[in-house]
Every structure is written in C-alpha cells, then in structure tokens.
Amino acid sequence: MTQDELKQAVARAAIEHVPSGIIGVGTGSTANHFIDELARIKGRIDGAVASSEATAQRLKSHGIPVLDLNAAGELEVYVDGADEITEHLHMIKGGGGALTREKIVAASSKKFVCIADGSKLVGMLGKFPLPVEVIPMAQSYVARELIKLGGQPVLRQGFTTDNGNIILDVHNLQIMNPVELETRINQITGVVTNGLFARRPADILLLGTDEGVKTMKAR
Ligand code: 5RP
C-alpha cells in the first residue's frame, strides 16, 4: 500500500471513534482523508471544531457545520495526524503549521485519537524538526534560547500561521524527555507553543501498516 492509502485506511478506521455531538478535527493530509470519511456520516454529528482555517474550509465544503470552540465546550473526541509518534503516544506535530490551534482543541477534548501511517512511529522523537510558533518580534531571542537547548532553529520561509505568527523549525534535537522539553520551550518568552504533544499525549493511535490498521494505547 502507498503512504496515502495507509492514511486513507486509518482515516476510515477513525470513524468508529466518532460519537454523536461535536468533535474536534485536526489538520494535514491524514486529517483531510478523515474529513472526507466524516462527510459520509455527517448526519451523526452536530458539527466540528476545526484546528485550522484549511480544515474549516474542507469541513464546510462537505456541508459539515464548523463551530466555535468557546461555544462548543468540552469535546468528546479529537482526531488528528502526527509527524512523529512514540509507543508512549508522545508526538511531534505542526508540520502543517497548525500546532497551536491543534493543541488547544486537543486540550479541550476528552479523547485524542491519532491517525498515522506506519512511517510516523519512531523510537525517539526529534528526527522531524520540532516546529515552534513564535511572536514575530521575538524571533532572534527565541532562536538564541533554542540554540542553548542544543537545537538548530530554521525560520520556515514564507509561512505565517493562522494566528499571524512565524514558525521556527528546530533541527537536531535529541528528545529524551518530551514532557520536560515541551515545558521548557513553552517557558521561553515569545514562544506561543511548540509542537511537542507529550503533556497531553494521544489516548489511542490508529497506525496504518501493510498488515492492516493497528490500534495502540500508551505503554
Ligand atoms: C499539522 C500537523 C499534522 O498532523 C502533521 O503535520 C501530519 O501531517 P500529515 O497527515 O499530512 O502527514 O501537525 O500541523
């Protein structure tokens, strides 16, 4: 199976985890497949909270109502992809630049279902450069602080987040303790958030493999 077919397979499998009511929906190519599957059963839900403008557009194009998180309250489930994920279900996210809204919707959800093709499962996080959303005027200061932590920050060229900020992609981090690093980076003044999802990991991983979709829970 191609990587895209594996993404489609996990997106289809995630439909079993969709309750009635309002759900949270992530961003990226795997999440896009999920939105397309969701369209088939849209009568089952009242609507969705989107983690990005792109996701909101795709949901609306399928006629799925997009709701404001403040009006929706706590969500039953959040479904999203990942750039890397470990067997502890700690993740790096933000390859698509939507990390802050993704983290907000995930934090507001009772259950996080991660959908990913098999290539995303790693022993240790950090080969994928860690995205950090930064207030533009803090770019140089935050970059210097990230270098002190052992990383090599690179500005994502020509990219502005939905919140009007920049992204620094941090290369060469060896992330032994994702919970600690997530906390430390978030404490740097000027950082909006970083793409480590370890303090609030996924609850379930649906992993697409050639042998089928595997369901994993945190070890
Ligand atoms: C976007 C994300 C995505 O979940 C992540 O980049 C995975 O993307 P894809 O499903 O296209 O592989 O965090 O900000």
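Count residues from 1 along the sequence. These values consider heavy atoms only, across backbone and side chains, with no hydrogens, waters or symmetry-generated copies.
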Between [X] and [Y], is there a donor-acceptor pair closer than 3.5 Å when you use the side chain of the first and the backbone of the second?
X	Y	result
Arg101	Ala50	no
Gln139	Pro136	no
Glu74	Ser109	no
Arg199	Glu180	no
Thr160	Gly164	no
Asn172	Gln152	no
Glu145	Ile188	no

* For Asp36, check salt bridge (Lys or Arg N to Asp or Glu O under 4.0 Å) against everything at least two apart and list the hits. =>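 If we apply the salt bridge (Lys or Arg N to Asp or Glu O under 4.0 Å) test to Asp36, skipping adjacent residues, the hits are Arg58.
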Indicate whether any N or O donor in one side chain lies under 3.5 Å from an N or O acceptor in the other, for [X] and [Y].
X	Y	value
Asn163	Glu133	yes
Ser119	Asp117	yes
Ser51	Thr27	yes

Within the 4.5 Å heavy-atom criterion, are [X] and [Y] side-chain neighbours or not?
X	Y	value
Tyr141	Thr189	yes
His17	Ile204	yes
Val122	Ile85	no
Ile115	Phe34	yes
Ile167	Val134	no
Pro129	Val154	no
Ile92	Leu196	yes

* Asked: Met91 and Phe112: side-chain contact (heavy atoms from CB on, under 4.5 Å), yes or no, with the steps?
  -> CA-CA 12 Å; Met91 293 163 281; Phe112 187 147; 3.8 Å; yes
* Name all pairs fulfilling the side-chain hydrogen bond (donor to acceptor under 3.5 Å, both in side chains) condition that reach into residues 120-130, sequence neighbours left out, sorted by first residue then second. =>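 Not a single pair qualifies under side-chain hydrogen bond (donor to acceptor under 3.5 Å, both in side chains).
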* Steps toward side-chain contact (heavy atoms from CB on, under 4.5 Å) verdict (Ile166, Thr161) -> CA-CA 6 Å; Ile166 57 165; Thr161 70; over 6 Å; no
* To do: Go through the structure and list residues passing side chain to side chain donor-acceptor pair (under 3.5 Å) with Lys7, not counting sequence neighbours.
  =>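 For Lys7 the side chain to side chain donor-acceptor pair (under 3.5 Å) partners, ignoring immediate neighbours, are Ser29.
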* Honestly, is Lys103 close enough over Phe197, meaning NZ or CZ under 6.0 Å from the six-membered ring centre and within 45° of the axis? ->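 Lys103 over Phe197 ring: yes.
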* Pair Lys93 + Asp83: basic N to acidic O under 4.0 Å ->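 Answer for the salt bridge query: no.
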* **Check against side-chain contact (heavy atoms from CB on, under 4.5 Å), Thr183 and Gln187** => CA-CA 6 Å; Thr183 307; Gln187 283 168 347; 3.8 Å; yes
* **Residue of the set Leu99, Leu125, Ile185, Asp169 for which side chain to side chain contact (heavy atoms under 4.5 Å, CB included) holds with Leu130** =>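 For Leu130, the side chain to side chain contact (heavy atoms under 4.5 Å, CB included) test succeeds with only one of Leu99, Leu125, Ile185, Asp169, which is Ile185.
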